[in-house]
Amino acid sequence: MSPSDETLAAFLARTPYVAFLGMRAELAGDEMTAVLPFAPHLIGNTLLPALHGGVLGAFMEMTALAQLAVLNRTPRPAKTIDVTIDYLRPGRAMDTFARAEVKKAGRRISSVHVEAWQETRAKPVAAIRGHFLMHAEG
């Protein structure tokens, strides 16, 4: 297992909300894909049925934090300063995927963009832009 894989596994294991969501993540080189397997307890609108908006938002925030953990090689999570969520279409009752792109990786603050999709990456269901406080060394 590579150091990046170990860091990702440690981050996922130490974050309780990741376990609640059932989230997992896979690394291919330096590109991480997060997976949110569908589960009935994630439904917010039973009429459609559709994933709860908070579940989608939290999944994308956890994706950003996981990507930052891998980038910084520490399972200790960054702290969320703010996130802006764009809900683009209903998240249906199926598996959801996400990728994070670190726009700026600073020593103190990092900026990350995440898109989540279901059937095709070209049709995202939601996206976030977030700023995160990085941990100082020492």
Side-chain angles (χ1 to χ4, degrees):
M1 187 182 288
S2 77
S4 293
D5 287 322
E6 290 173 6
T7 300
L8 178 59
F11 169 82
L12 295 173
R14 76 180 287 174
T15 310
Y17 202 64
V18 166
F20 172 77
L21 293 173
M23 177 182 164
R24 65 181 191 272
E26 302 156 359
L27 278 174
D30 64 349
E31 188 169 69
M32 184 192 73
T33 301
V35 181
L36 177 66
F38 171 72
H41 73 278
L42 303 177
I43 292 292
N45 182 334
T46 56
L47 297 176
L48 289 178
L51 296 175
H52 191 285
V55 166
L56 279 173
F59 170 58
M60 291 184 297
E61 183 178 355
M62 292 298 113
T63 300
L65 291 168
Q67 184 67 65
L68 288 170
V70 169
L71 178 71
N72 292 308
R73 295 193 167 108
T74 176
R76 188 172 162 203
K79 293 186 179 183
T80 303
I81 296 171
D82 65 36
V83 293
T84 300
I85 304 171
D86 295 323
Y87 294 103
L88 306 170
R89 54 184 46 87
R92 296 181 315 209
M94 60 192 319
D95 291 355
T96 306
F97 308 91
R99 284 220 178 117
E101 181 181 356
V102 178
K103 298 291 190 176
K104 176 188 180 277
R107 287 185 318 186
R108 293 186 38 81
I109 296 177
S110 291
S111 176
V112 183
H113 176 79
V114 179
E115 284 189 351
W117 71 92
Q118 291 183 316
E119 291 181 307
T120 176
R121 191 169 178 193
K123 290 185 174 182
V125 294
I128 68 167
R129 288 175 307 284
H131 298 96
F132 300 88
L133 181 63
M134 307 311 293
H135 296 286
E137 294 296 319

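- Contacts of Arg92 classified as salt bridge (charged side-chain N to carboxylate O under 4.0 Å, His left out), with partners at least two apart in sequence or in another chain: Glu119.
- Taking CD of Gln67 as the reference point, atom CD of Glu31 lies at 8.5 Å (rounded to 0.5 Å).
- Between Glu61 and Phe132, the closest heavy-atom pair is CG-CE2, 4.4 Å.
- Between Thr33 and the choices Arg121, Glu26, Arg99, Arg24, the side-chain hydrogen bond (donor to acceptor under 3.5 Å, both in side chains) rule is met once, by Arg99.
- In the hydrophobic clustering of this structure, Val55 groups with Ile43; members are Ile, Leu, Val, Met, Phe, Trp, Tyr whose side-chain heavy atoms approach within less than 4.5 Å, directly or through other members.
- A heavy-atom distance below 4.5 Å is found between the side chains of Leu42 and Leu36.
- Not a single donor-acceptor pair under 3.5 Å links the side chain of Thr120 to the backbone N or O of Lys123.
- Smallest separation of non-hydrogen atoms from Ala100 and Ala64: CB-CA, 4.1 Å.
- Contacts classified as ring pair (Phe, Tyr, Trp, His ring centres under 6.0 Å) and involving residues 38-73 (residues at least two apart or in different chains) are given here: Phe20-His41.
- The two atoms that bring Val114 and Ala98 nearest to each other are CG1-CB, 4.0 Å, heavy atoms only.
- Taken to the nearest 0.5 Å, the CE atom of Met60 stands 10.0 Å off from the OG1 atom of Thr96.
- Leu56 CG to Asp86 CG: the interatomic distance, rounded to the nearest 0.5 Å, is 12.5 Å.
- Hydrophobic clustering (side-chain heavy atoms under 4.5 Å, transitive across Ile, Leu, Val, Met, Phe, Trp, Tyr) groups Val18 together with Val83.
- When every heavy atom of Met134 is checked against every heavy atom of Gly106, the shortest pair comes out as CG-O, 3.7 Å.
- Taken together through direct or relayed side-chain contacts under 4.5 Å among Ile, Leu, Val, Met, Phe, Trp and Tyr, Ile85 and Val125 form part of one hydrophobic cluster.
- The OG1 atom of Thr84 sits 8.0 Å away from the NE2 atom of His131 when rounded to the nearest 0.5 Å.
- The number of heavy atoms from other shown groups lying within 6.0 Å of NZ (Lys79) does not exceed 12.
- Taken from CE in Met62 to OG1 in Thr80, the straight-line distance is 6.5 Å, to the nearest 0.5 Å.
- Nearest heavy-atom pair across Leu12 and Ala25 is CD1-N, 3.9 Å.
- Side-chain contact check for Val112 versus Val102: some heavy-atom pair is nearer than 4.5 Å.
- Across all their heavy atoms, Ala58 and Tyr17 have their closest contact at CB-CE2, 3.2 Å.
- Residues Ile128 and Tyr87 share a single hydrophobic cluster, defined by chaining ILVMFWY side chains whose heavy atoms lie under 4.5 Å apart.
- Linking Ile, Leu, Val, Met, Phe, Trp and Tyr whenever their side-chain heavy atoms come within less than 4.5 Å leaves Met32 and Phe97 in two separate clusters.
- Taking CG from Leu68 and OG1 from Thr7, the interatomic distance works out to 12.5 Å, rounded to the nearest 0.5 Å.
- The side chain to side chain contact (heavy atoms under 4.5 Å, CB included) search around His113 returns Lys103, Glu115, Ala127, Arg129, not counting sequence neighbours.
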